[in-house]
Amino acid sequence: QVQLVESGGGLVQAGTSLRLSCEASGRTFNNNAMGWFRQAPGKERVLVAGISPSGVFTYYADSVKGRFTISRDNAKNTVYLQMNSLKPEDTAVYYCAARQGSKLAYTRYDYGYWGQGTQVTVSS
């Protein structure tokens with residue numbers, strides 16, 4: 001059974017940091033692009049950051065560029081999202097996702113494997 005399990009969410013104050021982790025089990029995703037999405041209440045699920053299998057290529061939404069960093073440790077089958085200088089508008093449920101393919105992709109429909117999500121709440 002393939003699972004992506006996120007951890008590291010929580011309630012924090014604006015300006016602080018969090019690191020999200022996503023551990024895969026049931027199969028490896030070392031040859032797959034992966035991403036972190038977020039979904040705020042009443043809004044669509046959007047890609048925040050994506051990473052290629054080797055980690056060489058990354059993508060960031062404009063809203064998080066310079067504040068968030070995506071990385072992966074293929075030996076641990078884990079993807080991370082380091083979030084710095086958090087803002088109240090970063091409040092959302094954050095989802096880890098994996099593609100079938102190796103190329104970066106930018107919509108939720110391009111990703112076939114999903115975690116259950118972890119809540120991030122940033123207070124002002």
Side-chain angles (χ1 to χ4, degrees):
Q1 181 182 2
V2 178
Q3 280 191 309
L4 298 176
V5 180
E6 302 100 335
S7 61
L11 171 63
V12 297
Q13 289 191 329
T16 61
S17 300
L18 276 177
R19 187 174 86 151
L20 304 183
S21 299
C22 170
E23 184 174 2
S25 62
R27 59 160 285 181
T28 65
F29 289 97
N30 295 350
N31 296 315
N32 302 79
M34 299 190 70
W36 283 96
F37 286 74
R38 70 185 181 189
Q39 187 167 19
K43 295 190 176 182
E44 293 188 357
R45 190 174 300 187
V46 296
L47 181 66
V48 172
I51 189 166
S52 63
S54 65
V56 171
F57 299 104
T58 57
Y59 163 84
Y60 296 95
D62 287 343
S63 58
V64 307
K65 206 170 289 184
R67 299 188 297 122
F68 289 13
T69 303
I70 188 171
S71 62
R72 65 192 297 165
D73 185 339
N74 287 337
K76 295 181 179 180
N77 223 17
T78 301
V79 178
Y80 305 96
L81 185 67
Q82 177 67 42
M83 307 186 293
N84 298 330
S85 302
L86 282 162
K87 304 175 181 180
E89 50 263 44
D90 294 318
T91 296
V93 178
Y94 283 72
Y95 297 90
C96 173
R99 294 202 66 210
Q100 292 279 21
S102 60
K103 292 186 178 180
L104 288 174
Y106 308 101
T107 79
R108 61 181 297 181
Y109 306 105
D110 297 311
Y111 291 76
Y113 300 93
W114 292 88
Q116 81 289 352
T118 185
Q119 177 70 46
V120 172
T121 303
V122 184
S123 64
S124 58

Visitor: Sequence neighbours excluded, which residues qualify as salt bridge (Lys or Arg N to Asp or Glu O under 4.0 Å) partners of Lys43?
Guide: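 Checked Lys43 against salt bridge (Lys or Arg N to Asp or Glu O under 4.0 Å); zero matches.
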Visitor: Same cluster for Val93 and Leu81 if Ile/Leu/Val/Met/Phe/Trp/Tyr side chains link at under 4.5 Å?
Guide: no
Visitor: Taking only residues at least two apart or on different chains, which pairs with a member in residues 44-83 satisfy disulfide (SG to SG under 2.5 Å)?
Guide: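 Not a single pair qualifies under disulfide (SG to SG under 2.5 Å).
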Visitor: What pair of heavy atoms forms the shortest contact from Pro53 to Ala33, and how long is it?
Guide: CG-N, 4.0 Å
Visitor: Same cluster or not: Trp36 versus Tyr111, using hydrophobic residues (I, L, V, M, F, W, Y) connected whenever any side-chain heavy atoms lie under 4.5 Å apart?
Guide: no
Visitor: Is there a side-chain contact between Leu47 and Thr107 (heavy atoms, below 4.5 Å)?
Guide: no
Visitor: Going by heavy atoms in the side chains, are Ile70 and Tyr60 under 4.5 Å from each other?
Guide: yes
Visitor: Run the side chain to side chain donor-acceptor pair (under 3.5 Å) test against Gln116 and tell me which residues pass, sequence neighbours left out.
Guide: Glu6
Visitor: How far apart are the closest heavy atoms of Ala40 and Ala92, and which atoms are they?
Guide: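 Closest approach of Ala40 to Ala92: N-CB, 3.9 Å.
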Visitor: Once rounded to the nearest 0.5 Å, what's the spacing between atom OG1 of Thr58 and atom NZ of Lys65?
Guide: 9.5 Å
Visitor: Identify whether Val12 and Tyr80 are in the same connected component of the hydrophobic contact network (ILVMFWY, side-chain heavy atoms under 4.5 Å).
Guide: no
Visitor: Could you see if Leu4 belongs to whatever hydrophobic cluster contains Phe37? Use Ile, Leu, Val, Met, Phe, Trp, Tyr and a side-chain cutoff under 4.5 Å.
Guide: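 Looking at the clustering, Phe37 is in a separate group from Leu4.
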Visitor: Could you tell me which residues satisfy ring pair (Phe, Tyr, Trp, His ring centres under 6.0 Å) with Tyr94, sequence neighbours excluded, listed by chain and number?
Guide: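 Partners of Tyr94 under the ring pair (Phe, Tyr, Trp, His ring centres under 6.0 Å) test: none.
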Visitor: Under the side chain to side chain donor-acceptor pair (under 3.5 Å) rule, collect the residues that match up with Arg99, sequence neighbours excluded.
Guide: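 Side chain to side chain donor-acceptor pair (under 3.5 Å) check on Arg99 returns nothing, list empty.
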Visitor: Under the side chain to side chain contact (heavy atoms under 4.5 Å, CB included) test, which residues partner Gln39, sequence neighbours left out?
Guide: Arg45, Tyr95
Visitor: Taking side chain to side chain donor-acceptor pair (under 3.5 Å) as the test, write out the residues that go with Gln82, two or more places apart.
Guide: Asn84
Visitor: Any disulfide (SG to SG under 2.5 Å) pairs touching residues 30-94, not counting sequence neighbours?
Guide: none
Visitor: Is there a chain of hydrophobic side chains (I, L, V, M, F, W, Y, each step under 4.5 Å between heavy atoms) that links Tyr109 to Trp114?
Guide: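 They do not share one cluster, since no chain of ILVMFWY contacts under 4.5 Å joins Tyr109 to Trp114.
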Visitor: Quick one: list whatever passes side chain to side chain donor-acceptor pair (under 3.5 Å) with Ser54, sequence neighbours left out.
Guide: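 None.
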Visitor: Nearest 0.5 Å please: distance from the CD atom of Gln119 over to the CG atom of Leu11.
Guide: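 Here the rounded value is 9.5 Å.
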Visitor: Using the ring pair (Phe, Tyr, Trp, His ring centres under 6.0 Å) criterion, which residues pair with Tyr59? Sequence neighbours excluded.
Guide: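 Once residues adjacent in sequence are excluded, the partners of Tyr59 under the ring pair (Phe, Tyr, Trp, His ring centres under 6.0 Å) criterion are Tyr106.
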Visitor: Would you say the side-chain atoms of Thr91 pair up with the backbone N or O of Val122, donor to acceptor, closer than 3.5 Å?
Guide: yes
Visitor: Rounded to the nearest 0.5 Å, what separates atom OG in Ser71 from atom CE in Met34?
Guide: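 Here the rounded value is 11.5 Å.
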Visitor: Measure the OG-CG distance between Ser123 and Leu86 for me, rounded to the nearest 0.5 Å.
Guide: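 It comes to 10.0 Å.
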Visitor: Should the pair Asp90-Lys87 be classified as a salt bridge under the 4.0 Å nitrogen-to-oxygen rule?
Guide: no
Visitor: Salt bridge (Lys or Arg N to Asp or Glu O under 4.0 Å) with Asp110: which residues, sequence neighbours excluded?
Guide: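 So Asp110 forms no salt bridge (Lys or Arg N to Asp or Glu O under 4.0 Å) with any residue.
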Visitor: Side-chain polar contacts of residues 20-29 - donor-acceptor pairs under 3.5 angstrom, sequence neighbours left out - could you list them?
Guide:
| residue | atom | partner | partner atom | Å |
| --- | --- | --- | --- | --- |
| Arg27 | NH1 | Tyr113 | OH | 3.3 |
| Arg27 | NH2 | Asn32 | OD1 | 3.0 |

